[in-house]
A.B. asks: 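This is the structure I have questions about; it appears just below.
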Amino acid sequence: MAWTRAILYSALSSYLWHPANANYVWPNEEIDELERILFEQDSIFGQPGSDLASFVSGCSGFGDGPQGGERNFGAEWLRTAYHDMATADVNAGTGGLDASILFETDRPENPGKAFSETFGFFSAVHSPRSSMSDLFAMAAVIAVGSCSNGKVIIPYRGGRVDAAGPGPSGVPQPQEDLASHTASFARQGFDVTEMIQLVACGHSIGGVHGVDFPEIVPNPPNTGTDNMVTFDTTNNDFDNKVAKEFVANNTQNPLAFGQNETTRSDFRIFNADGGKVISQLADSNDYFLSTCTTMLERMINTVPRSVKLTDIIKPIAVKPRNLFITPNADGTLYVNGFIRIANTTADANKSQVFIHPKSRSGKLLPVATATTKKGMSGGCDYPNCGPDFIFYMFNTTISAEDGISSFTIEIQNDAAGKTSQFDNGGSGFPFSDALQPLFSLSNQTESVVDNVVYNQLNVTALVLNAEDFSDISLIINVPVNLTAPISPWTQSKVSMKPLSKVPGTNHTLYTGSWKAASAAGTVPFDIVATGNKSTVSSLFNSWDNVPQFFDE
Ligand code: HEM
Ligand SMILES: *[C@@H]1O[C@H](CO)[C@@H](O)[C@H](O)[C@H]1NC(C)=O
Ligand SMILES: *[C@@H]1O[C@H](CO)[C@@H](O)[C@H](O)[C@H]1NC(C)=O
Ligand SMILES: *[C@@H]1O[C@H](CO)[C@@H](O)[C@H](O)[C@H]1NC(C)=O
Ligand SMILES: *[C@@H]1O[C@H](CO)[C@@H](O)[C@H](O)[C@H]1NC(C)=O
Ligand SMILES: *[C@@H]1O[C@H](CO)[C@@H](O)[C@H](O)[C@H]1NC(C)=O
Ligand SMILES: *[C@@H]1O[C@H](CO)[C@@H](O)[C@H](O)[C@H]1NC(C)=O
Ligand SMILES: *[C@@H]1O[C@H](CO)[C@@H](O)[C@H](O)[C@H]1NC(C)=O
Ligand SMILES: *[C@@H]1O[C@H](CO)[C@@H](O)[C@H](O)[C@H]1NC(C)=O
Ligand SMILES: *[C@@H]1O[C@H](CO)[C@@H](O)[C@H](O)[C@H]1NC(C)=O
Ligand SMILES: *[C@@H]1O[C@H](CO)[C@@H](O)[C@H](O)[C@H]1NC(C)=O
């Protein structure tokens with residue numbers, strides 16, 4: 001068993017991130033944002049989320065406080081995912097990863113800073129396209145990926161739905177007996193063998209903090225630290241030391257041989273089958289890692305029965321990133337943007353990349369050359385997570401009469417030395433001058449009134465044939481309940497007003513202004529024009545492209 005798993009693991013790891021999402025067509029609301037946060041850990045764009053993995057770099061990240069070793073963010077992210085999942089009832093089809101933990105942090109079963117700190121990292125990328133439960137699942141994936149130095153790559157799916165309030169309690173606690181732990185894990189969908197495996201996997205990193213569990217790890221007086229005692233001697237490495245040291249009886253795991261016998265839950269659990277499984281885990285690190293890949297994948301995919309997860313999200317090989325249209329004074333449109341290409345698809349030193357734009361009526365327009373240069377790259381922070389990305393930029397000027405509807409991408413001398421065409425499933429990458437925000441004429445301002453911070457967003461948009469539309473709106477996604485940690489989203493809609501015609505074109509500039517207390521966030525905004533003939537939209541525009549002003 002151990003052998004087959006280990007062989008399977010090493011065979012799999014060579015193509016774990018081979019770019020391929022079956023039938024993927026850009027843009028895709030379900031996948032694009034999650035794919036960006038997971039694989040664009042380093043980016044040329046300063047968008048939120050593009051550096052989350054850096055906080056668990058080397059596993060400890062910046063989590064080692066001034067006193068050293070007090071908090072391991074990777075461990076906090078993994079524990080958060082488990083505590084959120086642990087109240088699942090798989091027979092009833094309820095609970096699981098649903099971010100309900102955020103409403104449950106005052107419970108005795110959820111002590112410590114892990115949950116609020118994990119939320120603190122990931123709230124910046126919480127959006128209608130990235131639920132907090134999808135982000136907590138991703139937090140576990142990134143933490144374990146980084147802490148194992150790329151040896152545990154958990155396949156990641158999206159589609160989780162956030163709870164609107166607290167769920168039932170039931171996270172296992174260390175003072176409970178083996179029978180209640182066995183029953184609790186059974187409720188979560190794990191038998192005794194799987195319970196031992198999952199606990200050993202979880203307790204491979206981090207430790208017990210005396211500040212939160214003084215009955216397990218007594219606090220020396222006046223240290224002013226969180227007083228962490230780690231589960232094994234390699235708390236910054238996701239490896240089988242926790243099992244090895246347990247089996248060898250030289251463990252420092254406070255939940256196995258801590259001074260308080262009542263709270264030795266790891267001891268009781270690891271011995272629940274007479275010590276068989278923990279010995280297997282101790283015998284082979286490869287077996288440990290492949291077992292944890294399987295068990296942690298099951299853990300993060302434990303969701304309410306009503307939730308349908310997406311396919312496994314793989315890195316997208318060729319992906320438009322930021323595309324812009326700006327009207328010139330002479331009746332032409334300046335079109336520019338970025339294409340993100342995986343290093344498995346293009347070679348930064350050799351490939352030539354061409355953009356083939358199509359006019360509004362489908363006519364081929366002059367080809368634009370896309371270029372890259374040193375430093376225009378990104379990708380993952382830890383091995384085996386995904387490819388490096390090369391960012392290519394392009395620009396072209398087209399007549400406003402022609403307009404633009406889409407483009408295809410040609411890569412000459414690609415990573416395999418061939419020429420390949422990318423037509424996004426046949427109809428090209430959609431990109432239209434029907435409706436676009438004009439970032440250079442837009443702005444955002446942060447201001448403080450009576451100690452409340454406000455965000456204002458002023459947007460100018462370019463609208464083609466505006467007379468066709470009865471309504472042109474700036475739409476901001478905001479939480480329904482601003483005082484809840486997370487809440488369902490609602491759309492705050494502002495009608496945009498015509499400003500002026502763009503000379504020599506059929507485009508009109510529209511402006512709209514939105515302001516709210518900053519608790520409403522800076523979630524990407526939409527512009528939608530509705531008319532009798534058609535509805536056109538520009539969705540999920542990042543505030544990071546909007547120039548920022550500050551007000552007292
Ligand atoms: C009977 C089951 C379990 C019990 C009683 C238990 C108990 C505990 C306790 C008391 C701590 C110390 C927390 C702190 O001081 O911050 C801890 C830490 C941790 N647990 Fe568990 N745990 C269990 C299962 C799991 C599972 C299944 C996972 C994940 C797969 C997990 C992941 C973690 C992690 C990563 C930490 C370290 C947190 C940090 O260093 O901040 N635990 N656990
Ligand atoms: C041991 O843990 C139990 C359960 O948390 C607690 O009630 C007891 O006071 C602890 N004993 C000591 C000596 O800390
Ligand atoms: C560890 O301790 C247990 C119980 O005292 C004992 O049965 C076992 O042989 C010990 N293992 C080692 C490797 O010393
Ligand atoms: C491109 O060339 C530079 C300098 O010769 C080299 O350091 C780099 O590794 C090359 N990159 C690729 C992707 O081959
Ligand atoms: C592509 O990037 C990955 C991840 O950094 C790296 O392991 C691989 O060697 C790169 N491949 C090429 C052809 O440069
Ligand atoms: C526009 O693209 C051309 C290559 O086609 C490049 O030489 C030029 O620098 C680009 N201009 C800007 C402003 O990026
Ligand atoms: C504006 O629209 C009219 C009517 O459809 C068309 O005849 C004209 O060519 C358009 N002008 C430009 C610059 O697109
Ligand atoms: C801010 O944006 C609005 C709307 O796009 C625009 O009217 C205004 O001139 C801009 N202000 C500045 C200072 O750029
Ligand atoms: C944004 O628009 C509001 C309302 O029109 C205006 O008062 C404010 O000055 C604008 N902000 C900037 C930076 O121009
Ligand atoms: C849309 O259709 C309605 C009814 O047919 C008409 O009254 C209205 O003027 C039309 N609006 C536009 C913007 O064409
Ligand atoms: C908003 O959230 C807060 C905090 O979770 C809660 O106390 C309050 O009842 C919620 N309000 C509504 C209208 O749901």
Side-chain angles (χ1 to χ4, degrees), residues 178 196 200 231-233 240-259 261 264-285 288 324-329 333-334 433 435-450 452-464 466 472-476 478 492-503 507-518 520 522 524-529 538 541-552:
L178 182 60
I196 298 165
F231 289 125
D232 64 23
T233 51
N240 72 339
K241 285 277 161 57
V242 63
K244 265 187 129 121
E245 293 170 8
F246 178 82
V247 168
N249 287 344
N250 60 2
T251 185
Q252 63 192 61
N253 178 345
L255 295 180
F257 290 97
Q259 45 100 41
E261 204 166 325
R264 289 182 189 166
S265 52
D266 280 8
F267 182 89
R268 293 186 290 269
I269 287 172
F270 293 164
N271 284 320
D273 67 344
K276 223 173 69 211
V277 167
I278 198 71
S279 299
Q280 284 170 353
L281 294 169
D283 282 349
S284 161
N285 194 40
F288 178 86
F324 309 101
I325 296 179
T326 317
N328 292 317
L333 302 174
Y334 179 73
D433 64 325
L435 180 65
Q436 287 294 331
L438 292 176
F439 293 104
S440 57
L441 297 180
S442 305
N443 47 66
Q444 56 175 309
T445 308
E446 199 178 278
S447 55
V448 183
V449 178
D450 294 337
V452 180
V453 180
Y454 290 88
N455 287 318
Q456 176 150 48
L457 179 68
N458 295 343
V459 172
T460 295
L462 184 67
V463 186
L464 177 67
I472 300 171
S473 290
L474 169 64
I475 298 172
I476 319 275
V478 292
S492 166
K493 211 168 143 180
V494 175
S495 255
M496 300 184 80
K497 303 272 172 296
L499 187 65
S500 59
K501 292 280 282 184
V502 181
H507 289 99
T508 306
L509 301 185
Y510 271 68
T511 64
S513 179
W514 177 84
K515 185 173 185 172
S518 64
T522 55
F525 61 91
D526 302 336
I527 306 170
V528 177
S538 168
N541 295 287
S542 173
W543 287 56
D544 293 272
N545 291 323
V546 180
Q548 194 161 16
F549 290 75
F550 293 93
D551 242 24
E552 292 327 295

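Quick caveat: nothing in here was measured; it's all calculated off a predicted structure. Each residue takes its place number in the sequence, starting with 1. Atoms within each ligand, like the ligands themselves, are counted from 1 in listed order.
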A.B. asks: Give me the residue, atom name and distance of the protein heavy atom closest to atom 11 (N) of ligand 9.
C.D. replies: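 Minimum-distance protein heavy atom for atom 11 (N) of ligand 9 reads Asn458 ND2, 2.7 Å.
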A.B. asks: Just verifying a value: how many Å separate Leu462 CG and Ile527 CD1, rounded to the nearest 0.5 Å?
C.D. replies: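 These two atoms lie 10.0 Å from each other.
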A.B. asks: When you compare ligand 8 with Thr460, is there at least one nitrogen or oxygen pair between them that comes in under 3.5 angstrom?
C.D. replies: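 Yes, since at least one N or O of Thr460 sits under 3.5 Å from an N or O of ligand 8.
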A.B. asks: Classify the angle between the aromatic ring planes of Phe246 and Phe257 as parallel (below 30°), tilted (30 to 60°) or perpendicular (above 60°).
C.D. replies: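 Ring orientation, 0 to 90° scale: tilted.
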A.B. asks: How far is atom 4 (C) of ligand 9 from the closest protein heavy atom, and which atom is that?
C.D. replies: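 Checked against all protein heavy atoms, atom 4 (C) of ligand 9 sits closest to Ser513 OG, 3.8 Å.
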A.B. asks: Which atoms of ligand 8 sit under 4.0 Å from any heavy atom of Val459?
C.D. replies: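 With Val459 as reference, the close atoms of ligand 8 come out as 5 (O).
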A.B. asks: Report yes if Ser442 has an N/O atom closer than 3.5 Å to an N/O atom of ligand 8; otherwise report no.
C.D. replies: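 No; the residue has no nitrogen or oxygen that sits under 3.5 Å from a nitrogen or oxygen of the ligand.
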A.B. asks: Tell me whether Leu441 has any N or O atom under 3.5 angstrom from an N or O of ligand 8.
C.D. replies: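 Among all N and O atoms of Leu441, at least one is under 3.5 Å from an N or O of ligand 8.
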A.B. asks: Are any of the side-chain heavy atoms of Val502 and Leu509 separated by less than 4.5 Å?
C.D. replies: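 A side-chain contact under 4.5 Å exists here.
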A.B. asks: With rounding to the nearest 0.5 Å, note down the distance linking CZ in Arg264 to CG in Leu178.
C.D. replies: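 Reported value, rounded in 0.5 Å steps: 15.0 Å.
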A.B. asks: Quick one, Pro524 and Asn541 - any side-chain contact, counting heavy atoms below 4.5 Å?
C.D. replies: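 Sidechains of Asn541 and Pro524: no contact.
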A.B. asks: Looking only at protein heavy atoms, which one is nearest to atom 10 (C) of ligand 3, and what is the separation?
C.D. replies: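 Here the closest protein heavy atom is Asn249 ND2, 2.4 Å.
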A.B. asks: Checking contacts now, so for atom 14 (O) of ligand 8, which I'm interested in, is there any protein heavy atom under 4.0 Å?
C.D. replies: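 Yes, because at least one protein heavy atom sits under 4.0 Å from atom 14 (O) of ligand 8.
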A.B. asks: Under 4.0 Å from a heavy atom of Val247: which atoms of ligand 3 are those, numbered in the order shown and with their elements?
C.D. replies: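 What qualifies from ligand 3 is 11 (N), 13 (C).
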A.B. asks: Nearest protein heavy atom to atom 7 (O) of ligand 9: under 4.0 Å?
C.D. replies: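 Protein heavy atom within 4.0 Å of atom 7 (O) of ligand 9: absent.
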A.B. asks: Report the C-alpha distance between Ser542 and Asp544 in whole Å, list the side-chain angles of each, state the deciding distance to 0.1 Å, and finish with yes or no for side-chain hydrogen bond (donor to acceptor under 3.5 Å, both in side chains).
C.D. replies: CA-CA 5 Å; Ser542 173; Asp544 293 272; 2.9 Å; yes
A.B. asks: Using the side chain to side chain contact (heavy atoms under 4.5 Å, CB included) rule, take Met496 and Val459 through it: C-alpha gap first, then chi angles, then the decisive distance, then the call.
C.D. replies: CA-CA 9 Å; Met496 300 184 80; Val459 172; 4.1 Å; yes
A.B. asks: Could you list which atoms of ligand 9 come closer than 4.0 Å to a heavy atom of Thr445?
C.D. replies: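 It comes down to these atoms of ligand 9: 13 (C).
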A.B. asks: Taking all non-hydrogen atoms of both residues, which atom of Ser473 and which atom of Lys493 are closest, and how far apart?
C.D. replies: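 Closest approach of Ser473 to Lys493: OG-CE, 3.3 Å.
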A.B. asks: May I ask which of Asn443, Leu457, Thr511 has a heavy atom nearer to atom 1 (C) of ligand 8 than the others do?
C.D. replies: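 That would be Asn443.
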